[in-house]
Structures are given as C-alpha cells and as structure tokens.
Enquirer: 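Encoded as structure tokens, here's the structure I'll be asking about.
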Amino acid sequence: MLNHECCRNRIFYRNFFRDFRLTMTARERKIIKDFHKCNFYEIFKFFQAESNKRLAATKEEKLAKRKKNEAFVNKYGFCLVDGHRERISNFRLEPPGLFRGRGDHPKMGMIKRRVQACDIIINCGRDSKIPMPPRGQMWKEVRHDNTVTWLASWVDNVQGQSKYIILNSWSKIRCESDHNKYETARRLHKFIDKIRATYREEWKSKDIFVRQRAVALYFIDKLALRVGNEKEKDQADTVGCCSLRVEHVQLHRRLMDKEYVVAFDFLGKDSIRYYKTVEVEPRVFNNLKLFVKDKGKSYYVFDCLNAHELNDHLKNLMIGLTTKVFRTYNASLTLQNQLDELTDEEATVAEKLLVYNRANRAVAILCNHQRSIPKGHQQIMENLRKKIHNKSNAINDLEAEFNELKRSATLSGTAKDKKIAECKGKQLERLKDQLKKLKLEETNREENKCVALTTSKLNYIDPRISVAWCKKNNVPIEKIFNKTQRTKFLWAIHMADENYHFPEESPVIDDDN
DNA sequence: CGGCGGACTTAGAAGATGAGTT
DNA sequence: AACTCATCTTCTAAGTCCGCCG
C-alpha cells in the first residue's frame, strides 16, 4: 500500500503500527518502535513484481490461469438450495490486509487478521455433506438454520461485525426479495397522496415531536434522504436525515432569486458529500428555524425524533413501509417520468440510449450517487476538445471547397461537375455528423464525470420499467443491461411487456392492505 | 421498551478484461 | 501488436431495519 495516499495519514499509520507491534515478540517490540524508521520497501517491490509478472504473462499462461480459476469456481462456487444449483457470490474469504474505511475513519490502517476455520460458522442443510475444514483445524460451529440465507459467517476483528458467505444476485432467493422490494414501492403509490397530505397537515401540529417527524418525512420524500440511524463513535462521522445536525443546514429566507432556501452540506453514507440548496415550503422553513433556534452547531436538528420512531410511524401508514421505500419509489418514478417525457419514438437507437442515460442520471442525482472524477478525465476532455477543433476546421475547409465546386458546376452545367459537387456535399454531411457526435460526447462526459449511474440502476430502478421501454422502443435490452444485469433482472425481462408502467397499470397481486 | 446484535441491502473503488484505435 | 480507454467483475465497507433479550 506504500504507493497509496492513505499511508501518509497519521491515523492510518499509527493504527497500523500499533497492531503491527502487537504481532511482535517482546524482543522485537523492544527494537522496533518507530514507524518512520521502518522500511517496508522490499515487500512493496515484491508485490509490484508479482503484479508485473501477471501483466506480462503470455497468452498461454493467461489461458491456463483462467482454466484453473474456472475449475476452482466449479468446485467451490456453487451450492444446492432446495435442490437448485445456485452460484455463491463471495466464496473466497476476505484476505488479511489493512483496514480501509471510507472517509475519516478512526480505525483506518488497523490490521485485518486472516480468518481461520475456528472463526467460521458453517450453515448448511441437515442432510448435506458438511464441508471439510483445512487439515488439523475445526469449524467454530456447524448449524442448520433455514431461516437465514447465509452459508457461512465469521466476525471481522476490526469492526466486530458479522461477515457472510451468501448467494449471488441472480439466485432465486435474492431475485424474489428484489421483486418484493419493487412491489412494496408500487404499493406506496396508493398511499402517497394521503401520506403527503398528512405530513403537510402535521407541520402545524402543536406537538413538536409530530412536527419534527413530519418535516423529516418531507425531506425523505422530497430529497430521497436516508433515514440516518445513530452511529457509534468508532466509525466515520456521517449522517442521514434524523441525525442531521445544526451545522449541516443553513437557512436563507432569500438566496439569489429563490425564497425559503435550505442549504444542505453534510457527509452521507460512504462519506459522500451531500451539497444542495433546496427551496422548501414556507411552513417547513419556519419549522426548521424553530428546530435549530438557540442550539449549538453540534446538536441534532430533529432532537425529539429518531430513526426507529420514524419507521414505527411509517409502519402504521402502510404495511411494510419504511423510509427506504421512499427512495425506491421516487427513484423508479423519476426514471419512468423522464422516459415518458423525453423519449421520441421516431428517434434512432443511439438517440434513445442518450435519453435513457439522461433519465438514469436524473435518478442518480436525486439519490446523490457520486463517483470520484475518473483518472485522466482532464486529459480525455482536452483530447476531445482538440478533436472537435480539428473537425470544425476540416468542415470549414471542406465547406469553402464545396461552395467553389457548386459554383463551377452551375457555371459549367456538366453532369460530371455536378456529381463531384454532390460527392463533396455528402462528405461534408458526414463530417458535420461526426462533429455533432463529438460535441454530444463532450457534454455527456462532462455532465457524467462525478455521477455514478450503476447504483441506481442496480438497486433503485424497477427493472421492468427499462424492459418495457426497450420493448416499446425497439431498443435491444443488451444496450441497457450487460450480461450480469440481464441475469439478475431475468425475472423482470420475463414479466414485463411493453405496456408495463411504474407504478400502476399492471395489477398488483400481493396487496396486503 | 430500548439497546444491541444479526441479517440483509446498498455503495463506490479497485482490479481485470475486452474492444477499438493507431 | 501495442496501447488506450471503457466496461465488467470483484471486493468489502457501510448503510437499513428487524427482532431478541434483559
């Protein structure tokens, strides 16, 4: 990890060194006391050489390696669940290494121990052949619990949390639960008007708890915020709706040309920054003003409310309703609306794909899914601009040439000259087309540079919307979903015809309410 | 009934692979 | 054939939320 920025972080190397010293003998501990006097370069060099070897491998070597890996997957990567052969997603244990939390994590750099058989609980069928632990070792426990979905588990030594070996995303059990998630989101549609009317009414409540709950729910609905459970001190300081602190919001009665503005600035899940200014209802604004009044910056905005109470409340409004259903619902609805609005049936497949991308991006922005700017983005953009510049010049030159030819063709009136002019004209059209494409790519890339599209595609958008849209618009599904995604969403591909529309239209079967 | 651990879902980064270009 | 860049896969951290236990 020496080439990585995190090694220069004081917390990182101190945590590492503390753990490292714990692995030493008493004698070693007496000698090795200062991280900065240690030189790990030989180890670094070794691993870099290994990596280079891998890169430089011949075709045959690479093929042999792949064959070996395939055999390995076949042997260890599958299991039987209710008689069906299912693929296991992570059948390899997490290897030892240094813990890398996201953001400002107090435990970064701590040594993640190698997991041994004696750490592992095996969960398998009563009649199944129990897998063998490595020679001379024993499993921590073998159990037969069919109420959970994991096959093996252990407790990670850094954070003390359970880790699981589970089935992959296209297993029956996970597809079913995915499907259920979207059915719940669709069900919300039947209640949403009433829920919104109620929380608006509750902004006026005499009970401050009810009022805070109503404002929090408004944020979750309107801004797709996460609920924000309480966190331990030994984790990165990130927040969600209920854990927002006074320092995370700024209230502006007027800002630029907007009124009743709330400026959010906080670190959410994975320490991704949420930085938006939003116009809100005057009543929300005034409530917020009251909530933060006379409070220090480190106090909760919603000090009377916690995530559990908010979810408890939602449970009463609809069976199965929790705060995260709002994210699913609003994300899926956004995609559907955007597609409805932007799709031109006459357009080419390429143009339609651009529309899909736009719609997808709108969802990602709603959910605040971000990525770091890709390496070399600046360079790529510069090259692109250069290409555009060259293309424009070429077009200008050709255009002059073309006009000249046209004139002489009209003057001479010969068929040959006309043909030559026509040919140039076509060439010109082609160049203009290419220029258009380049410019489009430039905008698209710039707009997408810090937006992560896959998370919403994989976890928030009802795949049936995309399937229906593809069928209706004659867009091959492979253009939208890659192979893995098609497998994961096979249920949706089978289920949705071109008329599927989120959230309504096709009948909702499992309706509990 | 509230605190906490357990189980499952969501998340972006890094690494691997592959396709297109020079 | 080497290189470049995009896409796909893997990895595991970090959320949500439920249910159990004292």
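Just so we're on the same page: letters track the sequence lines, and every chain starts at 1.
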Enquirer: When you measure from every atom of DNA chain B, which of residues 449-458 of chain A have a heavy atom less than 4.0 Å away?
Expert: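 Here the set is T455(A).
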Enquirer: Under 4.0 Å from OP1 or OP2 of dC8(B): is there any side-chain N or O of T149(A) that close?
Expert: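 For dC8(B), OP1/OP2 do have a side-chain N/O of T149(A) under 4.0 Å.
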Enquirer: Find which nucleotide of DNA chain C each of F99(A) and K483(A) is nearest to by heavy atoms, and output the residue with the more 5' nucleotide.
Expert: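 Nearest nucleotide further toward 5': that of K483(A).
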Enquirer: Using whole Å, report how far CG of L167(A) lies from P of dT9(B).
Expert: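 Interatomic distance, CG of L167(A) to P of dT9(B): 11 Å.
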Enquirer: Heavy atoms under 4.0 Å is the rule here; annotate nucleotides 15-22 of chain C 5' to 3' with B where the base is hit, S where only the sugar-phosphate is, and - elsewhere.
Expert: SBBS----
Enquirer: As a test of reading the structure: which of dA13(C), dC8(B), dT10(B) is closest to the side chain of R174(A), going by heavy atoms?
Expert: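 Nearest nucleotide to the side chain: dT10(B).
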Enquirer: Given dT12(C), is OP1 or OP2 found less than 4.0 Å from the side-chain N or O atoms of Y164(A)?
Expert: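 For dT12(C), OP1/OP2 do not have a side-chain N/O of Y164(A) under 4.0 Å.
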Enquirer: Is the backbone N or O of N459(A) less than 3.5 Å from a side-chain atom of K181(A), with the two atoms forming a donor-acceptor pair by type?
Expert: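 Flag set: sc K181(A) to bb N459(A) pair under 3.5 Å.
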Enquirer: Tell me the interatomic distance from L225(A), atom CG, to dA11(B), atom P, rounded to whole angstroms.
Expert: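 Distance check: L225(A) CG to dA11(B) P gives 13 Å.
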Enquirer: Are Y275(A) and N368(A) close enough, and set up right, to give a side-chain hydrogen bond (donor to acceptor under 3.5 Å, both in side chains), and what steps lead you there?
Expert: CA-CA 9 Å; Y275(A) 184 60; N368(A) 201 41; over 6 Å; no
Enquirer: Is the ring centre of H248(A) less than 6.0 Å from the ring centre of Y274(A)?
Expert: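 When the ring centroids of H248(A) and Y274(A) are compared, they turn out to be at least 6.0 Å apart.
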Enquirer: For S177(A), which contact category applies under a 4.0 Å heavy-atom criterion: base, sugar-phosphate, or nothing?
Expert: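 Sugar-phosphate only.
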Enquirer: Indicate whether the side chain of N15(A) and that of R18(A) have a donor and an acceptor atom separated by less than 3.5 Å.
Expert: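 Per modelled atom types, N15(A) and R18(A) side chains form a pair under 3.5 Å.
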Enquirer: Less than 6.0 angstrom separating the ring centers of F40(A) and F16(A), yes or no?
Expert: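 Between F16(A) and F40(A), which both carry aromatic rings, the centre distance is below 6.0 Å.
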Enquirer: Is any side-chain heavy atom of E94(A) less than 4.5 Å from a side-chain heavy atom of D156(A)?
Expert: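 The answer is no, as the side chains (C-beta and beyond) never meet within the 4.5 Å cut-off.
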Enquirer: Has R87(A) got its NZ or CZ under 6.0 Å from the middle of the six-membered ring of F78(A), at an angle within 45 degrees of the ring axis?
Expert: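 R87(A) over F78(A) ring: yes.
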Enquirer: Please report the distance, rounded to the nearest Å, between CD in E478(A) and C1' in dT7(C).
Expert: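 The distance from CD of E478(A) to C1' of dT7(C) comes to 15 Å, rounded to the nearest Å.
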Enquirer: Tell me the interatomic distance from K488(A), atom NZ, to dT9(B), atom P, rounded to whole angstroms.
Expert: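 Rounding to the nearest Å, NZ of K488(A) and P of dT9(B) are 9 Å apart.
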Enquirer: Hey, which sits more toward the 5' end of DNA chain B by its nearest nucleotide, T328(A) or R371(A)?
Expert: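 Result: T328(A).
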Enquirer: At under 4.0 Å between heavy atoms, what does S89(A) touch on the DNA or RNA strands: base, sugar-phosphate, or nothing?
Expert: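 The answer is nothing, as S89(A) stays clear of every strand by at least 4.0 Å.
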Enquirer: List the residues meeting side chain to side chain contact (heavy atoms under 4.5 Å, CB included) with K140(A), not counting sequence neighbours, and say none if there are none.
Expert: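 Side chain to side chain contact (heavy atoms under 4.5 Å, CB included) list for K140(A), sorted by chain: I121(A).
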Enquirer: Would R14(A) and F17(A) count as a cation-pi pair here, with the cationic atom under 6.0 angstrom from the ring centre and within 45° of the axis?
Expert: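 Judged by the rule (NZ or CZ under 6.0 Å from the ring centre, within 45° of its axis), R14(A) is not positioned above F17(A).
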Enquirer: With sequence neighbours left out, write down each residue that passes side chain to side chain contact (heavy atoms under 4.5 Å, CB included) with A364(A), or none if nothing qualifies.
Expert: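 With neighbours one apart ignored, the set is H369(A), V451(A), L453(A), S456(A).
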Enquirer: In whole Å, I'd like the distance from the CD atom of Q159(A) to the P atom of dC4(B).
Expert: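 About 17 Å, once rounded to whole Å.
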Enquirer: Is any side-chain heavy atom of K231(A) closer than 4.5 Å to one of S243(A)?
Expert: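 Side-chain contact under 4.5 Å: no.
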Enquirer: Please tell me which of G160(A) and R327(A) maps to the more 5' nucleotide of DNA chain B, matching each residue to the nucleotide holding its nearest heavy atom.
Expert: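 This one resolves to G160(A).
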Enquirer: Would you mind reading off the distance between Y460(A) atom OH and dG12(B) atom C1', rounded to a whole angstrom?
Expert: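 About 13 Å, once rounded to whole Å.
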Enquirer: Nearest to the side chain of N482(A), which nucleotide is it out of dT12(C), dC8(C), dG6(B)?
Expert: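 Output: dC8(C).
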Enquirer: Going 5' to 3' through nucleotides 14-22 of chain B, assign each nucleotide B (protein heavy atom under 4.0 Å from a base atom), S (under 4.0 Å only from sugar-phosphate atoms) or - (no protein heavy atom that close).
Expert: S-S-S----
Enquirer: Hey, are Y329(A) and T184(A) close enough side-chain-wise for a donor-acceptor pair under 3.5 Å?
Expert: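 No - no donor-acceptor pair under 3.5 Å links their side chains.
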Enquirer: Under 4.0 Å between a side-chain N/O of N90(A) and OP1 or OP2 of dC11(C), yes or no?
Expert: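 Checking dC11(C) against N90(A), no side-chain N or O comes under 4.0 Å of OP1 or OP2.
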Enquirer: One pair to check against salt bridge (Lys or Arg N to Asp or Glu O under 4.0 Å): E309(A) and R213(A). What are the steps and the verdict?
Expert: CA-CA 9 Å; E309(A) 288 165 325; R213(A) 195 178 65 190; over 6 Å; no
Enquirer: Evaluate F219(A) against F264(A) for ring pair (Phe, Tyr, Trp, His ring centres under 6.0 Å), listing each step before the verdict.
Expert: CA-CA 11 Å; F219(A) 283 159; F264(A) 291 90; 5.2 Å; yes
Enquirer: Report the distance from atom CH2 of W154(A) to atom P of dG6(B), rounded to the nearest whole Å.
Expert: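 These atoms are roughly 15 Å apart.
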Enquirer: For K112(A), answer base if it contacts any base atom (sugar-phosphate contacts may also be present), sugar-phosphate if it contacts only those atoms, and nothing otherwise; contact means non-hydrogen atoms under 4.0 Å.
Expert: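 The residue K112(A) makes sugar-phosphate contact but no base contact.
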Enquirer: Using five base pairs at each end to define the local axes, how bent is the helix from dC1(B)-dG22(C) to dT22(B)-dA1(C), to the nearest 10°?
Expert: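 Roughly 0°, once rounded to the nearest ten degrees.
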Enquirer: Using whole Å, what does the distance between atom P of nucleotide dG3(B) and atom CD of E232(A) come to?
Expert: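 Atom CD in E232(A) sits about 12 Å away from atom P in dG3(B).
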Enquirer: With a 4.5 Å cut-off on side-chain heavy atoms, are P106(A) and Q235(A) touching?
Expert: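 Result no, sub-4.5 Å side-chain heavy-atom pair not found.
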